[in-house]
Amino acid sequence: MGVLRFLWSRAWQAHAALLPLLHMGDPCCPENTCVNLQVVWNKALAGNCGLTDDALARAMLPASSRWLIGRPLCWLYPRFHHALIAERTRYIDAAIADAALQPSDCVVSLGAGFDTRALRYGGSWVEIDLPDVAGQKRGI
């Protein structure tokens with residue numbers, strides 16, 4: 001268990017350290033507030049590997065570095081980060097589907113981060129997050 005925790009931690013730290021390079025020249029240049037930006041990269045990576053279908057996450061990434069997680073390079077990334085995010089996405093999406101929301105229903109997403117669910121599902125969504133994160137999401 002210690003080795004897995006070490007790998008998880010180092011991979012997450014390495015990804016955080018690479019974010020400024022990955023977003024060099026990005027006109028939006030969002031900060032990695034509360035690891036939101038890392039999650040978007042992992043969601044896009046999971047989509048490129050066929051684990052989810054979140055084209056919006058890929059579209060949020062800068063075009064200049066998005067190719068790094070495209071096929072066939074996406075298969076070189078260790079799966080333990082993006083596979084967990086893909087599972088969480090599937091779980092929440094299934095719960096929403098099971099709720100059989102009506103067009104008049106309103107969904108409130110607390111700590112939405114750079115989540116694309118409101119855009120993917122449409123309808124009435126209210127996203128609540130830290131002011132810095134909400135402002136960055138509007139800029140993307």
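Please read these numbers as outputs of a predicted model, since none were measured by experiment.
- No chain of hydrophobic side-chain contacts below 4.5 Å, direct or via other Ile, Leu, Val, Met, Phe, Trp or Tyr residues, connects Trp125 to Val108.
- Looking at heavy atoms from C-beta onward, Arg120 lies in side-chain contact with Thr89 at the 4.5 angstrom threshold.
- No side-chain heavy atom of Lys43 sits less than 4.5 Å from a side-chain heavy atom of Leu56.
- Scanning all heavy atoms of the two residues, the minimum distance from Leu22 to Pro62 falls at O-CG, 3.4 Å.
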Between Arg88 and Val39, is a side chain to side chain contact (heavy atoms under 4.5 Å, CB included) present by the stated rule, with each step listed? CA-CA 11 Å; Arg88 183 181 70 188; Val39 171; 3.7 Å; yes
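- Using modelled atom types, one side-chain atom of Arg66 and one backbone atom of Arg58 make a donor-acceptor pair closer than 3.5 Å.
- Grouping the Ile, Leu, Val, Met, Phe, Trp and Tyr side chains by contacts below 4.5 angstrom, directly or via other members, places Trp41 with Trp67.
- The shortest non-hydrogen separation linking Asp105 to Ser124 is O-CB, 3.4 Å.
- The heavy-atom pair separating Ala16 from Gln38 by the smallest distance is N-NE2, 3.5 Å.
- Cluster membership for Ile92 and Tyr121, using ILVMFWY side-chain heavy atoms within less than 4.5 angstrom, is shared.
- No single ILVMFWY cluster, assembled from side-chain heavy atoms under 4.5 Å apart, contains both Leu110 and Phe114.
- Hydrophobic clustering places Leu18 together with Met60 (ILVMFWY residues linked when any side-chain heavy atoms are closer than 4.5 Å, directly or through intermediates).
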Residue pair Arg117, Val107: steps toward the side chain to side chain contact (heavy atoms under 4.5 Å, CB included) verdict: CA-CA 11 Å; Arg117 200 166 278 110; Val107 178; over 6 Å; no
